[in-house]
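Below is one structure, written out as structure tokens; comments come after it.
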Amino acid sequence: MSDRVVLHYFNGRGKMEAVRWLLAAAGVQFEEVFLTKREEYEKLLNDGALMFQQVPLVEIDGMQLVQSKAILNYIAGKYSLYGKDLKERAMIDMYSEGVSDLMDLVIMYPLTPPENKQKYLSDIEQKAKDRFLPVFEKGLGNSQFLVGNQLSRADVHLLEVTLMLQELLPTILSRFPKIQAFQEKMKALPTISKFLQPGSARKPPPHEAYVKTVKEVLSHLFK
């Protein structure tokens, strides 16, 4: 059985970026196969690699994993980023699902038509400030981590989404000092610090070429 971890996705963030972050936080090396043509996606379909005809696809431990939540849960469990018991896991899941809901808003921004971008950005800001960020600010309380006394997938996901929010809305954390302090502590962790350096597998903000490739490869979703 191969011990390689191989990610199949586009050369951009999207749904795979959270996987890259989690593997990087765990100190796990991985390879990437980028989809650039419709034919490459269709080959994965024809080979039976995509259970629900969707990417991301992650090859790990002899399995072909699809569905983002399943992939992230497996990685978190394998690399001790999923709490010490079922109660902690439930809390980690709740925080992670909240981050995922917020992330979905951010991910769709580059795919929004130009004439709707400003309104969409305002919606992201309002929902982030009113619904999501106050929960994480409270959850951090006087602790370095969202759940328990050790790093979990929820912490990694929160760092990722707040950094992405700041790319779009630089002052969005001004009312959330605990999240700001949390960011600094997280960025100082060796594996995360390495991932934040130039030349890592971390992807830049989406650009036009990435959006064009996604729409071409997954053309059936954009008709």
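The residues of the chain are indexed from 1 along the displayed sequence.
Environment of CD in Glu208: sparse, with no more than 12 heavy atoms of neighbouring residues, nucleotides or ligands closer than 6.0 Å. A 6.0 Å sphere centred on NZ of Lys187 holds more than 12 heavy atoms belonging to other residues, nucleotides or ligands. Residue Asn149 qualifies as open at atom CG: its count of foreign heavy atoms under 6.0 Å is 12 or below.
With sequence neighbours excluded, no residue forms a salt bridge (charged side-chain N to carboxylate O under 4.0 Å, His left out) with Lys37. Considering only residues two or more places apart in sequence or on other chains, Asp104 meets the salt bridge (charged side-chain N to carboxylate O under 4.0 Å, His left out) condition with Lys15. Residues satisfying the side chain to side chain donor-acceptor pair (under 3.5 Å) criterion with Lys194, sequence neighbours excluded, are absent altogether. Scanning for salt bridge (charged side-chain N to carboxylate O under 4.0 Å, His left out) contacts around Asp123 gives Lys119, with sequence neighbours left out. With sequence neighbours left out, the salt bridge (charged side-chain N to carboxylate O under 4.0 Å, His left out) criterion links Glu39 to no other residue.
Looking at Ser143, its side chain never comes within 3.5 Å of a backbone N or O of Leu140 through a donor-acceptor pair. In this structure, the side chain of Ser80 does not engage the main chain of Ala76 through any donor-acceptor pair within 3.5 Å. Looking at Ser96, its side chain does come within 3.5 Å of a backbone N or O of Ile92 through a donor-acceptor pair. Ser193 places no side-chain N or O within 3.5 Å of a backbone atom of Leu189 that could act as its donor or acceptor partner. Side-chain atoms of Ser200 do not come within 3.5 Å of backbone N or O of Leu196 as any donor-acceptor pair.
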Please evaluate residues Leu65 and Ile60 with respect to the criterion side-chain contact (heavy atoms from CB on, under 4.5 Å), reporting the C-alpha separation (whole Å), side-chain torsions for both, the decisive distance (0.1 Å), and the verdict. CA-CA 7 Å; Leu65 295 183; Ile60 185 171; 3.6 Å; yes
Given the rule in the side-chain contact (heavy atoms from CB on, under 4.5 Å) test, do Ile75 and Leu81 qualify, once you have shown the distances and angles that lead to the verdict? CA-CA 8 Å; Ile75 293 169; Leu81 293 168; 5.5 Å; no
Decide yes or no on ring pair (Phe, Tyr, Trp, His ring centres under 6.0 Å) for Tyr41 and His8, but give the supporting numbers first. CA-CA 10 Å; Tyr41 166 74; His8 296 263; over 10 Å; no
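The CG atom of Leu72 sits 8.5 Å away from atom OG of Ser100, with the distance rounded to the nearest 0.5 Å. Separation of atoms CD (Glu216) and CG (Leu35) is listed at 12.5 Å; rounding is to 0.5 Å. Rounding to the nearest 0.5 Å gives a distance of 9.0 Å between CD1 of Ile124 and NZ of Lys127. To the nearest 0.5 Å, atoms CZ (Arg38) and CG (Leu218) are separated by 7.0 Å. Atom CZ of Phe10 sits about 9.5 Å away from atom CD of Glu40, to the nearest 0.5 Å. With values rounded to the nearest 0.5 angstrom, Lys78 atom NZ is found 10.5 Å from Leu23 atom CG.
Both Leu221 and Tyr109 are members of a single hydrophobic cluster when ILVMFWY side chains are connected at heavy-atom separations under 4.5 Å.
You'll find the side chain of Ser68 stays beyond 4.5 Å of the side chain of Val19, heavy atoms only. A heavy-atom distance below 4.5 Å is found between the side chains of Met16 and Arg20. For the pair Val161/Leu158, a side-chain contact is recorded, criterion being any heavy-atom separation below 4.5 Å from C-beta on. Side-chain contact between Leu121 and Glu125 is absent, with no heavy atoms from C-beta onward closer than 4.5 Å. Contact of the Leu163 side chain with the Arg202 side chain is registered, since non-hydrogen atoms from C-beta on lie closer than 4.5 Å. Contact of the Glu32 side chain with the Lys203 side chain is registered, since non-hydrogen atoms from C-beta on lie closer than 4.5 Å. For the pair Tyr210/His207, a side-chain contact is recorded, criterion being any heavy-atom separation below 4.5 Å from C-beta on.
The ring-ring contact (aromatic ring centres under 6.0 Å, His included) analysis of residues 57-86, with sequence neighbours excluded, yields no pairs. Residue pairs meeting the ring-ring contact (aromatic ring centres under 6.0 Å, His included) criterion with at least one member in residues 12-39, sequence neighbours excluded: Trp21-Phe195. Sorted by first and then second residue, the salt bridge (Lys or Arg N to Asp or Glu O under 4.0 Å) pairs involving residues 141-160 (not counting sequence neighbours) form an empty list.
Using a 4.0 Å cut-off between charged nitrogen and carboxylate oxygen, Glu59 and Arg4 do not count as a salt-bridge pair.
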Donor-acceptor pairs under 3.5 Å, side chain of residues 45-54 to any protein atom, not counting sequence neighbours: which ones?
residue, atom, partner, partner atom, Å
Asn46, ND2, Glu42, O, 3.2
Asp47, OD2, Lys43, NZ, 2.7
Gln54, OE1, Gln67, NE2, 3.0

Enumerate, atom names and distances included, each donor-acceptor pair closer than 3.5 Å involving a side-chain atom of residues 131-138, sequence neighbours excluded.
residue, atom, partner, partner atom, Å
Glu137, OE1, Lys178, N, 3.3
Glu137, OE1, Ile179, N, 3.0
Glu137, OE2, Lys178, N, 2.9

Expected list for residues 164-177: side-chain donor-acceptor pairs under 3.5 angstrom, two or more places apart:
residue, atom, partner, partner atom, Å
Gln166, OE1, Gln183, NE2, 2.9
Glu167, OE1, Arg13, NH1, 2.8
Glu167, OE1, Arg13, NH2, 3.4
Glu167, OE2, Arg13, NH2, 2.9
Ser174, OG, Thr171, O, 3.1

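Summarising the geometry of Gln29 relative to Val5, their closest heavy-atom pair is O-CB, 4.0 Å, with the distance given to 0.1 Å. Leu102 and Ala128 get closest at one heavy-atom pair: CD1-CB, 4.1 Å. Across all non-hydrogen atoms, the minimal contact from Ile192 to Ala25 is CG1-CB, 4.2 Å.
Through side-chain heavy atoms spaced under 4.5 Å, either directly or across other Ile, Leu, Val, Met, Phe, Trp or Tyr residues, Val33 is tied to Val6.
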